[in-house]
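Step one of this worksheet: look at the structure below.
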Amino acid sequence: MCGIMGYVGDRDTTRIILEGLAKHEYRGYDSAGIAVIKDGKISELRTVGRVAQLAEKVAAAGLTGDIGIGHTRWATHGGVTETNAHPHISSDDRVVLVHNGIIENAREIRAELEAKGIKFHTETDTESAVQYLGYVYDGDPKEAIVKLTARIRGAFALVIMFYDKPREIWVARKGSPLVVGHAGNEGFCASDPTALLEFTHDVWFMDDDEMAQITREGCRFFDFSGAEHEKASMHLDWDAAMTNRGKYPHFMLKEIHEQPDVVAHTLLGRVADDAVDLSRELSWTPDEAAQWKRIHFVACGTSHYATIVAQHIMETFGNFEIRTEVASEYRYRNIPTGPDTLAVFVSQSGETADTLHAARLAKSRGAKCLVITNVRGSTIHREVGDALITPAGPEIGVAATKTFTAQITILTLLGLYLAKLRGELDPNTERRLVSALMDIPGKQAAMLDREREIELLARDFADARGFFFIGRGIAYPPALEGALKLKEISYLHAEAYPAGEMKHGPIALLDKELPVVALVPKNELWEKTISNIEESMARKSPIIALATEGDDQICHYTRNVIFTPETEPELFPFVAVVPLQLFAYYIARQRGCDIDMPRNLAKSVTVE
Ligand code: F6R
């Protein structure tokens, strides 16, 4: 939700800001803007649309600066207009800033300042912060920010420049992500650490209630009372090349293709000799594990669907009482939670506000909390305590793909490890599943070899009115994920149902224009799902089947079949998700959609 970039140094400031913003575009892309200070004067340019449009404006204006800040917006308060785009500047032209988050008491501050004669120009909540700063600033940036942070409520990552301080940038954080870096005589700040990788791998993740001054000489950190403190940096092991599209036309396609490697990396160091061992990351004892009577999996969107996969898999071999909850609901319900609860929070970004707040709640209720995230150093990682990091590398496409696969891999390992700690895991099950997991990269690669077949199928269905996805048991959660991928990037209505539930209502929607994607692996529920396929056919719905290789009978029902490699029944989601992602990708491509940056979405959802 909005991306921020700031630079202090001797290189071409506007180029560095624009390139940094382009890396943040997945966080918001309805408008963009930049501000620089040169010769003691603040200049800014803003535009509705993408960073590329901003770059054209910057080039046309020949904008340069000694220091600079930039922003790419996902609108919350105020429409998508050039006026509402960041940076925002105080009426007296002395302070300029960019903001990610929501200032909850913006109206109140605005009324107070307007009563003092300060003129507002935008509909945004952010303007209240910059006008307030302009009002209190008397030459000491730190003191002004201390006053501002005491006055505003809500979530913010703020990056600020003062007209008479042309060699420093100030940042302040509460609730929205912000990372700071320094290398040689250059200082940087960004919403996403991947934007800093080409400059440095050692960064400081800003904490809540913390501010910093960034200069060519270094970074200094303060709390919101203005007291200075030392802060340890964190090393990022991601490679800058991972943030490029390479030979692929879209990040999403690249990330789909990375999945075999992602599974292999996720298993690395966590399994050996057909056994799972997470003791290097989790110092849990058998006694501790035995006391957890219930497991709560809490997440949003695709990460939530990964936890439903985990629930289905874990129920096959463990004696667990599992709940899977959407984080935005978990927070506001009175779900019994305490020391007998293991609460697992899954978030690719580690910044999702709903998941973060849910984790804080569970922690305050005494639950044992574990986080599964793809971003080391993210807020959830730093706050929650125990963590398992998915080594999927940066995911840039807005629609999650490889991180889903990494999540289901690590969740399966977690389930096995937990059952083993509790003395409930049959060693044969462990051997069987670990060895099958080791085969997943090869099976996913085989699935990727069928890309062309899936592309052709997608072309045939690109004009459909919408889609139904059905599956039973272990085939249901990948159906949910397949439908989500399709609606996110192709804007087609897609709904997933447990196949047996169709007849209780949704079947009323079926007709010849509404295809049904049936996930029908060869397992004990095959016949039941076939009955549901028949029911759909009776309503004239075209059928696309995802079936197990060697299942010849499926061809009696439809000629639109995607065959998935045989695997252990529990691991069907690993092979099913790849063709479903490709299907969504090619439908969206056929429909000319903006695949990596679908409308209305942002990669990291840092507002509630
Ligand atoms: C779907 C998607 C979203 C995210 C959700 C949670 O493709 O990307 O549904 O899964 O916003 O995000 P994280 O995992 O970062 O907490």
Side-chain angles (χ1 to χ4, degrees), residues 1-3 26-28 74 175-177 191-194 250-253 255-256 259 262 297-310 324-331 344-360 370-381 383-384 387-390 392-408 410-411 469 477-478 480-491 494 496 577-578 580-585 588 593-608:
M1 312 244 114
C2 302
Y26 70 89
R27 295 177 63 90
W74 189 88
S176 300
S191 301
D192 187 327
T194 55
H250 297 99
F251 278 108
M252 183 177 176
L253 191 60
E255 288 157 3
I256 290 172
Q259 291 178 108
V262 165
F297 283 122
V298 186
C300 305
T302 288
S303 298
H304 171 57
Y305 293 157
T307 68
I308 303 179
V309 171
T324 52
E325 297 288 342
V326 166
S328 54
E329 292 293 316
Y330 184 81
R331 283 188 66 190
V344 183
F345 299 89
V346 183
S347 173
Q348 175 280 127
S349 62
E351 301 293 347
T352 300
D354 291 321
T355 312
L356 180 61
H357 288 299
R360 287 177 181 154
L370 167 70
V371 59
I372 294 179
T373 181
N374 195 43
V375 183
R376 191 180 293 283
S378 57
T379 308
I380 288 190
H381 180 210
E383 278 197 22
V384 170
L388 291 170
I389 305 288
T390 51
E395 188 175 67
I396 314 274
V398 164
T401 51
K402 63 175 177 173
T403 54
F404 173 81
T405 293
Q407 288 167 350
I408 60 176
I410 211 148
L411 284 162
F469 284 66
L480 286 167
E481 178 57 6
L484 180 63
K485 288 291 87 89
L486 195 55
K487 60 187 145 199
E488 278 182 298
I489 61 168
S490 73
Y491 316 139
V577 74
V578 175
L580 293 175
Q581 293 163 345
L582 286 171
F583 185 68
Y585 172 81
C593 299
D594 192 344
I595 292 176
D596 281 336
M597 289 181 235
R599 71 183 183 207
N600 304 341
L601 297 178
K603 183 83 183 154
S604 179
V605 186
T606 51
V607 294
E608 286 178 60

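Keep in mind that this is a model prediction, so the values were computed, not measured. Every number for a ligand or one of its atoms is a count from 1 in the order of the listing.
In the vicinity of Gly301, heavy-atom distances shorter than 4.0 Å reach the ligand 1 atoms 9 (O), 10 (O). Contact atoms of ligand 1 toward Glu488: 1 (C), 2 (C), 7 (O) (distance under 4.0 Å to a heavy atom of the residue). If you number the atoms of ligand 1 from 1 as listed, the ones under 4.0 Å from a heavy atom of Lys485 come out as 1 (C), 7 (O). Proximity to Ala399 (heavy-atom distance under 4.0 Å) selects the following atoms of ligand 1: 7 (O). Heavy-atom proximity to Ser303, at under 4.0 Å, picks out these atoms of ligand 1: 10 (O), 13 (P), 14 (O). Those atoms of ligand 1 that come under 4.0 Å of a heavy atom in Ser347, given as number and element, are 13 (P), 14 (O), 15 (O), 16 (O).
Neither the backbone nor the side chain of Thr403 comes within 4.0 Å of ligand 1, counting heavy atoms alone.
Between the side chains of Thr302 and Glu481, at least one donor N or O lies within less than 3.5 Å of an accepting N or O. Neither side chain, Thr401 nor Gln259, offers a donor N or O lying under 3.5 Å from an acceptor on the other.
Residue contacts with ligand 1 include Val398, since one or more of its heavy atoms lies under 4.0 Å from the ligand. The closest approach between a heavy atom of His304 and any atom of ligand 1 is not below 4.0 Å.
Inclusion of Gln407 in the set of residues having an N or O under 3.5 Å from an N or O of ligand 1 is not warranted. Taking any N or O of Ala400, backbone or side chain, at least one lies under 3.5 Å from an N or O belonging to ligand 1.
Using a cutoff of 4.0 Å between basic side-chain nitrogens and carboxylate oxygens, Lys402 and Glu395 are not scored as salt-bridged.
Residues Ser378 and Gly350 come closest through the heavy atom pair OG-CA, 3.5 Å.
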Might you work through the side-chain contact (heavy atoms from CB on, under 4.5 Å) test for Leu253 and Leu582, ending with a clear yes or no? CA-CA 8 Å; Leu253 191 60; Leu582 286 171; 3.8 Å; yes

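In this structure Ala327 satisfies the side-chain contact (heavy atoms from CB on, under 4.5 Å) test together with Val298, Cys300, Asp354, Thr355, Ala358, sequence neighbours excluded. Listed by chain and residue number, nothing satisfies the salt bridge (charged side-chain N to carboxylate O under 4.0 Å, His left out) test with Glu351 (two or more places apart in sequence, or in another chain).
Under the 3.5 Å distance criterion, the side-chain polar atoms of Gln407 are left unmatched by any main-chain donor or acceptor of Thr307.
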